[in-house]
Amino acid sequence: MTYLRAGHIPHLTWEVAATQLRLEQTPIYQMTLPSLVTQAKIIEKFGKGAPKFCGIPASSAIHLTPFDPLGKLPGGYNDSKSVAIWTPNGKVSLDVKTWRSIINSFGCESFETLVDYDTPRDAGQKKLLKAVERTRTFHEQLFQQDEKVKGERIVTLGGGFSKYHRRKCAMEVGLAEETSAYSVEFREFSEGKEVDEKEIVELLEETFSPLPPTKLRYIAGPFNPKTILFLIKNGIDLFDSSFPVKLADEGHAFCLADDYPTSSNFEIVDFNNQKFADDFTTPFAGCECYTCKKYTKGYLQHLLNTHELLASILLVIHNITEYDRMFKLIRKSLENSEGI
């Protein structure tokens, strides 16, 4: 899915996205609530849905998520009636009634259910049980009898680092009728955090073993190309493009190894580095994106050094293009029965 912030691909206008971001895959746009929640009443009054309000291209597939995969989610703020989401202006408590209203007024094709995500590694049994119970209650309240909720249901599964509570959560909310797909709350395993692959395998096995194997499985968050391959091998089908945006926000760009996905290697280049100041070569040889065809490493370094907005625009274009190419290579490998 293509990650959106404030209803746009970060740093790009829709015109630039349409003309310069040439993706192989037809986009599914991931609309994140925190950057739009303060406009929720205005969007409701607008009456034509959030996609039209934000100027998203007509006939696009839009998925609505209550969380921003690149946003902060500090612990200690959820309660029995709501979960905390964080906006540029601070905390907003999102209860089930408000979430249902937003889902219906935003008019997206699919949406996620609420989950109590406050389950850090050091969480005790009582806290974990309470989180699972809250997640189940949020789910039940959202789909109360006679309450209409528009769109396909993507049920979010939590449980933290506990295999028992992962399985318990899956059984209590994942087997509900009319579930279209599953979203796994995995923010503690995203880019920049220490990852234990054996632990991830065990948690995913406990999560999905009680559930129908044919439903789509989705994990939001910034995951690098190596982790993406690992998660696909362990049954995950759908991701978002928050990783390339995160890199661009940091002044970084990435490039896959020539033998990806036979190997999981990739390179990250920091264009903040002064060593690129007099480098007039293309950012990545062989890349066909707008950035690599039109600009140089030295120009990117100059833009970052002078804090020009164009730097983020060019880096987002390259990074999302390369991320899109990554999934094309993975799909091709699977279609050719080569495996990954």
Side-chain angles (χ1 to χ4, degrees), residues 5 30-41 63-104 106 110-144 147 149 153-174 176 179 182-190 192-193 199 203-204 206-207 218-222 240 242:
R5 187 189 296 151
Q30 177 196 45
M31 180 173 284
T32 55
L33 181 63
S35 54
L36 288 172
V37 67
T38 55
Q39 279 78 49
K41 290 296 183 183
H63 173 70
L64 179 63
T65 173
F67 307 112
D68 184 334
L70 294 182
K72 62 178 183 178
L73 284 176
Y77 295 94
N78 297 344
D79 56 41
S80 60
K81 296 182 179 180
S82 65
V83 296
I85 62 174
W86 296 83
T87 75
N89 299 319
K91 178 177 73 74
V92 172
S93 293
L94 182 65
D95 59 43
V96 173
K97 183 179 179 181
T98 302
W99 181 227
R100 186 192 302 118
S101 175
I102 288 172
I103 292 168
N104 289 335
F106 275 37
S110 62
F111 63 89
E112 293 172 38
T113 57
L114 297 181
V115 61
D116 186 346
Y117 55 79
D118 189 7
T119 52
R121 186 175 291 277
D122 60 356
Q125 294 296 306
K126 184 177 180 180
K127 186 178 183 69
L128 289 167
L129 181 59
K130 186 178 291 186
V132 173
E133 290 174 346
R134 287 175 177 173
T135 299
R136 183 190 68 234
T137 300
F138 295 151
H139 186 279
E140 292 172 348
Q141 290 176 345
L142 184 61
F143 303 112
Q144 282 179 344
E147 292 288 357
V149 189
R153 308 176 182 182
I154 313 298
V155 173
T156 307
L157 308 171
F161 293 89
S162 165
K163 290 185 287 184
Y164 171 80
H165 291 93
R166 284 280 175 182
R167 186 181 184 90
K168 181 176 177 63
C169 187
M171 294 182 68
E172 294 196 4
V173 301
T179 297
Y182 300 112
S183 172
V184 185
E185 198 289 300
F186 241 47
R187 67 190 181 94
E188 293 291 346
F189 295 96
S190 60
K193 299 182 180 180
E199 182 178 42
L203 292 175
L204 290 176
E206 288 301 314
T207 298
Y218 154 59
I219 292 184
D240 62 50
S242 55

| note | Per side-chain contact (heavy atoms from CB on, under 4.5 Å), Leu129 is matched among Glu133, Lys127, Gln125 by Glu133
| task | Would you check if there is a donor-acceptor pair between the side chains of Asp118 and Asn78 at a distance under 3.5 Å? | result | no
| query | Do Asp240 and Pro69 touch side chain to side chain, with heavy atoms closer than 4.5 Å? | reply | yes
| Are His63 and Met31 side-chain neighbours, meaning at least one heavy-atom pair lies under 4.5 Å? | no
| note | For Val132 and Cys169, the nearest pair of non-hydrogen atoms, with its separation, is CG1-CA, 3.9 Å
| When you look at Leu94 and Leu33, which way does the side chain to side chain contact (heavy atoms under 4.5 Å, CB included) test go after all the steps? | CA-CA 10 Å; Leu94 182 65; Leu33 181 63; 3.8 Å; yes
| query | Nearest 0.5 Å, what's the CD-OH distance between Glu185 and Tyr117? | reply | 9.5 Å
| Hey, what's the ring geometry for Phe111 with Phe143, parallel, tilted or perpendicular (30° and 60° as the breaks)? | tilted
| note | Closest non-hydrogen atoms of Tyr77 and Lys91, given as atom of the first, atom of the second and distance, are CD2-CD, 3.6 Å
| query | Would you say Phe67 and Thr32 make side-chain contact, with heavy atoms under 4.5 Å? | reply | no
| Nearest 0.5 Å, what's the CD-CD distance between Glu188 and Glu199? | 10.5 Å
| request: Kindly compute the distance separating CG (Asp68) from OG (Ser242), expressed to the nearest 0.5 Å. | output: 8.0 Å
| said: Would you say Tyr218 and Gln30 are linked by a side-chain donor-acceptor pair, where the criterion is simply a distance under 3.5 Å? | reply: yes
| message | How close do Thr156 and Val173 get, counting heavy atoms only, and between which atoms? | response | O-CG2, 4.1 Å
| message | Could you report the tightest heavy-atom contact between Gln39 and Ser35, atom names first, then the distance? | response | OE1-O, 3.7 Å
| Taking only residues two or more places apart in sequence, or in another chain, which ones meet Phe161 in a ring pair (Phe, Tyr, Trp, His ring centres under 6.0 Å)? | Phe189
| task | For residues Pro66 and Leu114, determine if any side-chain heavy atom of one lies less than 4.5 Å from a side-chain heavy atom of the other. | result | yes
| query | Taking all atoms of both residues into account, what is the closest heavy-atom pair of Thr119 and Ala131, and its distance? | reply | CG2-CB, 3.6 Å
| note | Taken to the nearest 0.5 Å, the spacing of Phe186 CZ from Leu204 CG works out to 4.0 Å
| query | Do Arg5 and Leu70 pass the side chain to side chain contact (heavy atoms under 4.5 Å, CB included) test, and can you show the C-alpha distance, the side-chain angles, and the key distance before you say yes or no? | reply | CA-CA 10 Å; Arg5 187 189 296 151; Leu70 294 182; 3.7 Å; yes
| Does the side chain of Arg153 reach to within under 4.5 Å of the side chain of Leu142, using non-hydrogen atoms? | no
| query | Is a side-chain N or O of Ser162 found less than 3.5 angstrom from the main chain of Gly159, in a donor-acceptor match? | reply | no
| Gap between atom CZ of Arg100 and atom CG of Asp95 - 0.5 Å precision | 9.5 Å
| Hey, do the aromatic rings of Trp99 and Phe138 have their centres closer than 6.0 Å? | no
| query | Is there a side-chain contact between Leu64 and Ile102, using heavy atoms and a 4.5 Å cut-off? | reply | yes
| query | Any donor and acceptor pair, going by atom type alone, linking the side chain of Thr207 with main-chain N or O of Arg167 inside 3.5 Å? | reply | no
| Within 6.0 angstrom of Lys97 NZ, more than 12 heavy atoms from elsewhere | no
| field | Heavy-atom side-chain proximity of Glu206 to Lys168 below 4.5 angstrom | value | no
| request: In sequence, state the C-alpha distance, the side-chain angles, and the governing distance for Val184 and Arg166, and then conclude on side chain to side chain contact (heavy atoms under 4.5 Å, CB included). | output: CA-CA 10 Å; Val184 185; Arg166 284 280 175 182; 3.5 Å; yes
| message | Between Glu112 and Thr65, is there a side-chain donor-acceptor contact under 3.5 Å, judged purely by atom types and distance? | response | yes
| task | I would like to know whether Leu73 and Trp86 meet side chain to side chain contact (heavy atoms under 4.5 Å, CB included); could you show each step before the answer? | result | CA-CA 7 Å; Leu73 284 176; Trp86 296 83; 4.1 Å; yes
| field | Val37 and Ile85, any side-chain heavy atoms less than 4.5 Å apart | value | yes
| query | Could you give the distance from CD (Glu147) to CG (Asn104), rounded to the nearest 0.5 Å? | reply | 9.0 Å
